[in-house]
Amino acid sequence: MAKKYWLLKSEPSEFSIDDLEKSKNKTTHWDGVRNYQARNFMKEMKKGDQVLFYHSSTEPTAVVGVCEVVKEAYADHTQFDPDDKHFFPSAKPDNPIWFMVDIKFVKKLKNPVTLQKIKANPKLKNMKLIQKGSRLSVMPVEKNEFDEILKAGS
DNA sequence: GCCAACGTTGGC
DNA sequence: GCCAACGTTGGC
């Protein structure tokens, strides 16, 4: 099975690439996804897949680093926790609705690739990230796009 | 802070 | 199953 490529969005005020690097084993579980399409993509993520880490709602918005899938989709425990803001009452432990994966820090890009630069690069014009109205927090990326981002960020 | 673009919810 | 109302995302 060929390696796949993905992009994960996060607001750095919530969880940044630096937070990931500082996490235990430089690894975290990606909880809180509550969008079905994003969830379905997450379920397709395989161990070893490479992931672009994108900072949203900040200045500047940009791809800031790379991480890697180290654990494939499993039940997101926050859906069962009434005290968690991601609590989802209709989800039951024997029938989870939401899932998460574990990702591990790989590297930070020397130069973050800003949304502005992505939009300006003809080779990246098909990225889901810049398609009109795209709000997905988990999305697939083509290999050539992944390589192009890394090149632009080196 | 604004608001366009979406997704979800719930009455009918 | 339709669709209005509402909530959220995220760039600007």
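Letters go in sequence order (proteins before strands), and every chain restarts at 1.
Both the sub-6.0 Å distance and the 45° axial angle are not jointly satisfied by A/K92 relative to the ring of A/F80.
Judged by distance alone, with hydrogens and angles left aside, the side-chain atoms of A/S10 form no donor-acceptor pair with the main-chain N or O of A/S16 at under 3.5 Å.
Here the P atom of nucleotide B/dC6 and the CZ atom of A/R135 are 8 Å apart, to the nearest Å. In this structure, A/F88 places its CZ atom 15 Å from P of B/dG7, rounding to the nearest Å. Counting to the nearest Å, the C1' atom of C/dT9 and the CG atom of A/L136 are 11 Å from each other. Atom NZ in A/K85 sits roughly 14 Å away from atom C1' in C/dG7 (whole-Å rounding). Separating the CD atom of A/E59 from the C1' atom of C/dG11 is a distance of 10 Å, rounded to the nearest angstrom. Computed from coordinates, the A/Y36 OH to B/dT8 P distance equals 7 Å when rounded to whole Å. Remark: C1' of C/dT9 and CD of A/E11 are 8 Å apart, rounded to the nearest angstrom. Here C/dC12 presents its C1' atom at 16 Å from CD1 of A/I130, a figure rounded to the nearest Å.
Note on A/R39 versus A/D76: no salt bridge recorded, every NZ/NE/NH1/NH2 to OD/OE distance being 4.0 Å or above. The pair A/D147-A/K143 meets the salt-bridge criterion, since a charged nitrogen lies less than 4.0 angstrom from a carboxylate oxygen.
Neither OP1 nor OP2 of C/dT9 sits under 4.0 Å from any side-chain N or O of A/Y54. Contact between the side-chain N/O atoms of A/K119 and the OP1/OP2 oxygens of C/dC12 is found at a separation under 4.0 Å. Listed pair A/K9 / C/dG10 meets the phosphate criterion, a side-chain N or O lying under 4.0 Å from OP1 or OP2.
A/T61 comes within 4.0 angstrom of sugar-phosphate atoms only, judged by non-hydrogen atoms across all strands, and of no base.
In the set C/dG11, B/dG7, B/dA5, B/dA5 carries the atom at the smallest distance from any side-chain atom of A/K132.
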